[in-house]
J.: 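Below is one structure. I have some questions about it.
The chains referred to below are lettered A, B, ... by the order of the sequence lines, with proteins before strands, and numbering in each begins at 1.
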Amino acid sequence: MDKYTPADIEKKWQQVWEEERTFEAPDPEEPAYADRSGKSYVLEMLPYPSGTLHMGHVKNYTMGDVIARFRARNGSITFHPMGYDAFGLNTENVAIKTGIHPAELTKINTGNINRQLHRLGVSIDWSRELATCDPEYYRWTQYFFLKFFERGLAYKKEAPVNWCPSCQTVLANEQVVQGGCERCSTPVEQTSLAQWFFKITDYAERLLKDFDQLQSWPERVITMQRNWIGRSEGAEVIFPVEELDLDIPVFTTRPDTLFGATFFLLAPEHELVGRITEGMAEADAVTKYANEARQKPLIDRAVADREKTGVFTGRYAVNPVNGEKIPIWVSDYVLMEYGTGAIMAVPAHDQRDFEFARKYGIEVRVVVSGEEVGADSGPGLESAFEQEGNLVNSGRFDGVNNREAGDAITAWLESEGKGKTAISYRLRDWLVSRQRYWGAPIPIIYCDKCGIVPVPEKDLPVLLPDVEDYAPKGKSPIAANLEFVNTSCPQCGGPATRETDTMDTFVDSSWYFLRYTDPKNDREAFDKELAGYWMPVDQYIGGVEHAILHLMYARFFTKVLYDLDLVDFEEPFNNLFTQGMIYYQGAKMSKSKGNVVNPDEHVDRYGADTLRLYILFMGPPELDVEWQDQGIEGTFRFLGRVWRLVNEIVEKTAPSEYSDFAKADVESVKLVRKANQTIAKVSADVSERFRFNTAISAVMELVNDAYLAKDGLFATEAGNGVLRFVAETVVKLLDPFSPHICAELWQRLGNERLWTEPWPRADERFLEDETYELVVQVNGKLRERLRVSRSAGKQELLAAAHSSEKIARHIEGKELVKEVVVPGRLVNLVVR
RNA sequence: GCGGGCGUGGCGGAAUGGUAGACGCGCCAGCCUUAGGAGCUGGUAGGGUUCUCCCUGUGGAGGUUCAAAUCCUCUCGCCCGCACCA
């Protein structure tokens, strides 16, 4: 018997797959295309090509591959494409450091990843490979930008934005993590700039509502998105400013507490701050405070337990419910980006307002009473009372439960024209412009006469020009390329300049899954029918770190395309699986910590089949797990065991027609039963639960049993047939996990192409033994195990239990209170 | 602070109301041997033991149930997300 040499075997079969184009999905002309009911779109999040793949990628793509191969073997027309999220800052930063052009770097890196994925034997349809930095791709990214612009969903506005001083670019809200840049953790600064936004807030309601359409998404991802969108119901209430012809609306979720408003707050950035303080003695102090607040880094400002500060404007607002004058202050705990940038402050019932009022000696007036909190307890209150109760100090609403009072007060305000019900979202519009080089240029032209003019569709793509120096400088490096910048206006023909910002790379990855369905199309982004055939994605797999960013943007994009009648579905990903991370030596793998486990080294040493198998055997795929160097050895040993077992069977038995296992000897039937049970277990674990680790352990059990039984079975004709059957079963079941060794062993067993073989089905007759081990308990404690017939009824089981000597010992001299019988499992005798 | 998740042998984990610790790693023992970084077989939660059983055991404390790792309440620890969102 030859030794198991993964390197040779894996190369051999990868070549076969490539030559035979085994994994290419059918085109419409092909007969296989017709059966749409069986299509399955399996997709893993596309890699960002920075260097080479790491273990997390290996896990991701192996999982996807197992699902894709499993579904293909189960009759699905499987669609399993791959591409590269190839624009982006990482590449650009490396380019700046090394002097190699980003395009060149991208080519090297995507080449590496392509090679690695081939080496891992992932069943990808390579004919659909794409890179988002390819002009034939980003041309359509730009096209969508124009479509968004036409609909008013892409707009430019001067706004406070997050600026990363290290990356020298603005960031979307979603890319600010704990006050720092998502990429480099540098504290983000607040600045005001004219930037391009996508109006994702218009879709807030649909993004929430359409969670219903999803088949299977992790609950926590939905929760994270729901929290991010942050829908709040409440009221918008108009507060007139005394002595000025000025109304300022506020948003509140607590209209029930309106009578308790004792002051009024504006965000420092609020546009009316200037007008309100104009000519007032307090003007200078307010301006100074507002300027300081504006310049504070986000990370300093967004800390909840910071002491509240503020400054009085000298003006008063009029509370519309009782005509009371309340002082207007400016404070930086009021955020311009949320609600209206102004709030009514109710210190008795809001902890933040409470702290502010106590610090500045403002009245605290109770309007919701509860235990120990009465109408007059405001001055003595130690913290805000935020629970339920009945209204007090609230005019004609006194005595009403505060939950009902909110609606009543809002209705009353509405009838008076002083307010209305309102819904507010935490979600902000998506800032998509970036002042960096390596991205898709925003297809916009500025003309002195015509203003903002979109580039005509026929002029797409707007090619990213070459520049000498793409180091960040606060504006896009392509602004230095005058040949690019200077152009003529498509409308009037006069001199004009191009937009020089590029698009956030999350725009690129918001529609790539559609391009796969029609990757070569040069007339449109994709054919609607082709997209409708393959989409939505049946199983999407990726890291949970994209729970909000990519997954929300892609959902938004799909909804806009639906409204543009470019697709006929509203959700791109029916089922989502988020995988856990792989740790090593107790920490996340990272280059800086020097604890990176390199996939290539392990493929060199053990082969792709072993690496794939181990990575799935480590634990449930959704959990974080720790890489163990010795663990992979065990998996390699197991494949070696499979190799020797199957080869020995090939050598010692002939392919036989023997199939009447029911008539075989006892040992043979036992193994046949085990094999069928394994088929059932693996099928269920892979298809229903994605529990690859338990599926693999089931095959290990079968192999262990086969080792124990084989020497006996080689001696009989029935045994020979059984061993052949077991060998074929093991190879078939292991195929999605370790496809190369299985393809090879399948061939050695005298067959041809394993991947066209249907997935095995368990034979019902062999799933259950005729006898089983009955557990007998006394008072819930295990006391005896008895071999009983599967057909035994409750009475027989009880009789068997009672006839046991051990049981007799335990119930002797005691009163039998209850007998619980669960056929197929146990008997529990309760005694006193 | 709010929301979510997780706590099981020396380790990764299995068991989702019914035999706790499948499978694998590690360790121990035996066999085999053209002596290997091999292979095969057995053992391996803790304690006691007449070697067959007994007791204890799934972070901790209570509860529901004939029966709880699993369901409920409280509590401790760790991890993740959000964090002045009115």
J.: Looking at A:Y707, I'd like to know if the NZ or CZ of A:R641 sits under 6.0 Å from its six-membered ring centre while staying within 45 degrees of the ring's axis.
T.: yes
J.: Pick out which of A:K674, A:K670, A:R673, A:R790 makes a salt bridge (Lys or Arg N to Asp or Glu O under 4.0 Å) with A:D769.
T.: A:R673
J.: Please determine whether the number of non-hydrogen atoms from other residues, nucleotides or ligands lying under 6.0 Å from atom CD of A:Q795 exceeds 12.
T.: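 Open: at most 12 neighbouring heavy atoms sit under 6.0 Å from CD of A:Q795.
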J.: Taking N or O atoms only and anything under 3.5 Å, show me the protein contacts with nucleotides 2-11 of chain B, one pair per line.
T.:
residue : atom : partner : partner atom : Å
B:rC11  : O2'  : A:Q628  : NE2          : 3.1

J.: Going by heavy atoms in the side chains, are A:L265 and A:M344 under 4.5 Å from each other?
T.: no
J.: Only Watson-Crick and G-U wobble pairs, only distances under 3.5 Å, only runs of 3 or more: what stems does that leave for RNA chain B?
T.: B:1-7 with B:76-82, B:10-12 with B:23-25, B:26-31 with B:39-44, B:45-48 with B:53-56, B:59-63 with B:71-75
J.: Minimum heavy-atom separation for A:F263 and A:A357, please, with both atom names.
T.: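 In this case the closest contact between A:F263 and A:A357 is CE2-CB, 3.9 Å.
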J.: Does A:K806 make a side-chain donor-acceptor contact with the base of B:rC53, cut-off 3.5 Å?
T.: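 Donor-acceptor pair under 3.5 Å: no.
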J.: Verify, without hydrogens or angle tests, whether A:T694 (side chain) and A:R691 (backbone) share a donor-acceptor contact under 3.5 angstrom.
T.: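 Checked: pair present.
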J.: Can I get a per-line list of side-chain donor-acceptor pairs under 3.5 Å for residues 219-227 of chain A, giving both atom names and the distance, sequence neighbours left out?
T.:
residue : atom : partner : partner atom : Å
A:T223  : OG1  : A:E219  : O            : 2.8
A:Q225  : OE1  : A:R555  : NH1          : 2.8
A:Q225  : NE2  : A:A547  : O            : 2.8
A:N227  : ND2  : A:T223  : O            : 3.4

J.: For the residue pair A:W228 and A:E174, confirm or rule out a side-chain donor-acceptor distance under 3.5 Å.
T.: yes
J.: Could you tell me how far B:rC74 sits from B:rA67 if I compare only their P atoms? Round to whole Å.
T.: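 Result for the P pair: 23 Å, nearest Å.
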J.: Could you tell me how far B:rC76 sits from B:rC23 if I compare only their C1' atoms? Round to whole Å.
T.: 32 Å
